[in-house]
Amino acid sequence: MSKKYTIVTYGCQMNEHDSEKISWILENMGYIWTDSKEDSDFIIYNTCLVRENAELKVYGQLGALKELKRKKPDLILAVCGCMMQREPIRNVILEKYKHVDIIFGTGNIHKLPQLISRHYQTNETVVDIVEDTREIIENIEANRKYTFKAYVNIMYGCNNFCTYCIVPYTRGRERSREPENILEEIKNLAENGCKEITLLGQNVNSYGKTLSYDYNFANLLKDINKIDGIERIRFMTSHPKDLSNELIEAMAELEKVCEHLHLPVQSGSSKILKAMNRKYTKEDYLNLVEKIKTRIPDISLSTDIIVGFPGETEEDFNETLDLVKKVEYDSAFTFLYSIREGTIAAKMENQIPDKIKHKRFQQLIDTLYPIFYQKNLKYENEIVEVLVEEVSKNNEKILSGRTRHGRLVHFGGDRSLIGQLVNVKIDNAKTFTLEGHII
Ligand code: 5AD
Ligand code: SF4
């Protein structure tokens with residue numbers, strides 16, 4: 001009988017896509033997927049270290065699995081991802097969670113079959129980490145969740161060292177994939193029915209800097225735009241400091257590039273932005289947004305905002321509120337600042353008490369949500385193009401999908417439409433979703 005596996009994934013799209021690669025490797029070894037941990041012969045945690053709560057959840061889950069492992073000694077338990085790139089964390093796992101069998105990192109997913117056989121041979125905890133993550137491993141296939149939309153890595157790592165962020169210490173230095181490898185991957189996806197791709201990188205606007213010739217993100221978008229079968233191109237994440245006029249032009253001109261830009265601002269206070277090492281001011285950001293809105297008037301803008309960075313005063317926070325009102329974001333991810341051991345901000349004085357962070361967080365979402373609702377209201381009675389993604393969990397007859405602007409839409413229809421582009425007339429706008437009917 002085939003052995004069963006499950007993967008629990010925390011964190012960003014990069015991790016989600018890594019899990020798709022792990023899944024492909026395991027299925028090629030004969031494992032089959034299960035949703036249930038109790039039924040699994042192999043459980044993998046793909047971890048995230050960006051905020052403390054994701055980290056704590058992993059410890060909680062690993063602790064809870066001690067009992068299952070005792071009942072089922074042949075169960076293999078593996079932990080990978082960003083947490084494993086940090087030696088002090090690996091040591092905690094090795095000391096306190098001795099029932100973990102395999103530990104690997106973000107740079108050696110392709111070695112998983114070897115690690116599994118090493119574990120079988122030695123019956124010991126196998127630890128394999130690539131500290132120097134400069135290398136790019138090509139040709140790892142992925143068992144993608146959907147056929148009609150796919151993530152494609154275009155670069156790895158980050159060189160920005162924002163002072164709050166652990167990513168440069170877990171995913172290493174920035175490096176870009178060769179365009180020919182990216183284009184080949186996307187052509188293959190398109191031949192197999194993929195309509196929408198999301199290009200992934202910590203800072204896609206600096207794509208190309210590590211190539212030995214002159215080729216940048218705008219060039220890449222132009223080349224992808226030519227691939228038959230691809231209808232929509234998305235990308236994330238963009239750093240405001242690197243968003244060039246050339247890229248804005250490319251976004252405006254290329255018909256397949258969606259009218260959605262995720263442009264993390266993090267804070268509206270120039271003082272805090274400086275302390276975060278973001279390399280732009282509030283004014284720079286607002287000017288950039290103005291420029292984008294002028295060239296692409298119906299652009300949908302989303303962002304990331306951190307509340308309660310060390311030293312954030314009431315005045316600084318009010319600047320964030322002022323900025324979000326001026327930009328009128330279509331959506332936003334909001335975070336409480338979380339101390340990450342090893343980053344510069346972790347050592348800063350003036351850490352903000354939790355109570356104040358929570359109060360500001362609430363104030364921020366109270367400011368954002370009515371803006372989202374107002375932006376969605378504009379779609380009532382409009383017709384939007386939707387890529388149908390799935391059937392609602394609660395109602396077989398309700399489908400959902402996204403517009404080019406990234407809005408989630410619910411509407412009636414048959415599951416045979418999944419993967420198709422359909423036109424939907426919007427009847428009702430809500431804060432986070434739109435409801436409509438196919439026309
Ligand atoms: N605390 C809170 N949020 C953080 N992010 C990154 N590091 C931290 C941290 N230490 C947020 C940033 C980033 C997003 C992916 O996660 O807003 O853009
Ligand atoms: Fe972290 Fe800043 Fe790099 Fe984004 S750009 S991954 S926030 S260091």
Side-chain angles (χ1 to χ4, degrees), residues 9-18 47-57 81-83 85-86 89 106 133 153-176 198 200-207 209-210 217 235-243 261-269 272-280 285 301-312 317 320 323-324 327 329 331-348 351-352 354 356-358 360-361 364-365 368:
T9 309
Y10 292 97
C12 62
Q13 288 87 356
M14 201 69 89
N15 261 20
E16 271 178 47
H17 188 36
D18 282 349
T47 63
C48 169
L49 196 55
V50 166
R51 282 171 294 277
E52 191 185 22
N53 48 5
E55 186 184 346
L56 295 180
K57 273 188 204 153
C82 285
M83 275 171 73
Q85 292 295 127
R86 304 289 288 160
I89 298 185
T106 51
T133 46
N153 292 117
I154 62 166
M155 58 205 295
Y156 300 95
C158 182
N159 283 356
N160 290 314
F161 292 94
C162 300
T163 53
Y164 50 81
C165 187
I166 196 73
V167 169
Y169 307 93
T170 64
R171 292 211 173 240
R173 295 292 61 74
E174 181 182 296
R175 58 236 183 253
S176 297
T198 303
L200 296 181
Q202 244 71 43
N203 180 13
V204 294
N205 300 333
S206 65
Y207 173 79
K209 283 193 182 152
T210 58
F217 188 52
F235 54 85
M236 67 191 321
T237 289
S238 292
H239 195 306
K241 79 177 165 60
D242 297 312
L243 199 128
L261 183 64
H262 185 64
L263 196 63
V265 66
Q266 313 298 0
S267 166
S269 151
I272 295 296
L273 288 169
K274 190 159 197 307
M276 288 176 161
N277 192 30
R278 291 290 290 177
K279 302 192 178 82
Y280 54 84
Y285 187 92
L301 288 170
S302 58
T303 199
D304 293 344
I305 301 170
I306 298 176
V307 172
F309 184 82
E312 184 188 73
F317 176 65
T320 300
L323 179 132
V324 304
V327 176
Y329 288 108
S331 68
F333 297 102
T334 47
F335 306 107
L336 294 166
Y337 168 70
S338 169
I339 297 178
R340 303 289 62 210
E341 227 46 72
T343 63
I344 292 169
K347 292 191 216 80
M348 287 180 182
Q351 297 285 338
I352 307 295
D354 278 353
I356 296 180
K357 279 189 208 168
H358 282 101
R360 289 182 187 162
F361 187 87
L364 177 61
I365 59 176
L368 283 167

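In this text, all values refer to a predicted model and were calculated from it rather than measured experimentally. Counting convention: from 1, in listed order, for ligands and their atoms alike.
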Quick one: are Glu341 and Arg86 in side-chain contact, heavy atoms under 4.5 Å?
no
Identify, for atom 7 (N) of ligand 1, the protein heavy atom at the shortest distance, and state residue, atom and that distance.
Tyr164 CD1, 3.3 Å
For ligand 1, which part of Phe335 has a heavy atom less than 4.0 Å away: the side chain, the backbone, both, or neither?
side chain
What do you reckon, are the aromatic ring centroids of Phe361 and Phe335 less than 6.0 Å apart?
no
Determine whether Ile166 and Cys82 make a side-chain contact, defined as any pair of heavy atoms from C-beta on separated by less than 4.5 Å.
no
For Val167, take its heavy atoms, then give the atoms of ligand 2 lying under 4.0 Å from any of them.
6 (S)
4.5 Å side-chain heavy-atom contact, Asn153 and Met14:
yes
re atom 1 (Fe) of ligand 2, the protein heavy-atom contact at minimum distance is Cys165 SG, 2.2 Å
Val50 neighbourhood, listing ligand 1 atoms whose heavy-atom distance to it stays under 4.0 Å
5 (N), 6 (C), 7 (N), 8 (C), 9 (C), 10 (N), 16 (O)
Distance from atom 10 (N) of ligand 1 to nearest protein heavy atom, with residue and atom
Ser338 O, 2.8 Å
Ion pair present between Arg340 and Glu55, side-chain N to carboxylate O less than 4.0 angstrom?
yes
Under 4.0 Å from any heavy atom of Arg278, which atoms of ligand 2 are there?
2 (Fe)
Do you see a donor-acceptor pair shorter than 3.5 Å between the side chains of Ser206 and Glu174?
yes
Does atom CZ of Phe161 have more than 12 heavy-atom neighbours, drawn from other residues, nucleotides or ligands, at distances under 6.0 Å?
yes
Within the 4.0 Å heavy-atom shell around Pro168, which atoms of ligand 2 are there?
8 (S)
Give me the nearest non-hydrogen protein atom to atom 15 (C) of ligand 1 as residue plus atom name, then the distance to 0.1 Å.
Asp304 OD2, 3.8 Å
Just which atoms of ligand 2 are under 4.0 Å from any heavy atom in Asn160?
5 (S)
Counting C-beta onward and ignoring hydrogens, is there a side-chain heavy-atom pair between Leu49 and Thr47 closer than 4.5 Å?
no
Measure across Thr163 and Met348 and return the closest heavy-atom pair with its distance rounded to 0.1 Å.
OG1-CE, 4.0 Å
Please state whether the separation between atom 1 (Fe) of ligand 2 and some N/O/S atom of Cys158 is under 2.8 Å?
no
Could you check atom 8 (S) of ligand 2 against the protein and tell me its nearest heavy-atom contact, residue, atom and distance included?
Cys162 N, 3.4 Å
For Leu336, take its heavy atoms, then give the atoms of ligand 1 lying under 4.0 Å from any of them.
1 (N), 2 (C)
May I ask you to identify, for Arg340, whether its side chain, its backbone, both or neither come under 4.0 Å of ligand 2 on a heavy-atom basis?
neither
Using 30° and 60° as the class limits, which term best fits the ring planes of Tyr329 and Tyr285: parallel, tilted or perpendicular?
tilted
Here the atoms of ligand 1 under 4.0 Å from any heavy atom belonging to Gln266 are 12 (C), 13 (C), 17 (O), 18 (O)
Numbered in order shown, the ligand 2 atoms found under 4.0 Å of a heavy atom of Tyr164 are 7 (S)
Could you tell me if the side chain of Ser238 sits less than 4.5 Å from the side chain of His262, heavy atoms only?
no
Counting each atom of ligand 1 from 1 as listed, which ones have a heavy atom of Ile306 under 4.0 Å away?
3 (N), 4 (C), 5 (N), 12 (C), 17 (O)
Ligand-side contact atoms (ligand 2) for residue partner Gln202, heavy atom cut-off under 4.0 Å:
6 (S)
Correct closest heavy-atom pair for Ile352 and Lys357 would be O-CE, 3.3 Å
Lys209 and Asn159: side-chain donor and acceptor closer than 3.5 Å?
no
Identify the protein heavy atom lying closest to atom 16 (O) of ligand 1, giving its residue, its atom name and the separation to 0.1 Å.
Arg51 NH1, 2.9 Å
Pro264, portion touching ligand 2 at heavy-atom distance under 4.0 Å
neither
Check contact between Thr343 and ligand 1, using heavy atoms of the residue and a distance below 4.0 angstrom.
no
If we only count N/O pairs under 3.5 Å, is Arg340 in contact with ligand 1?
no
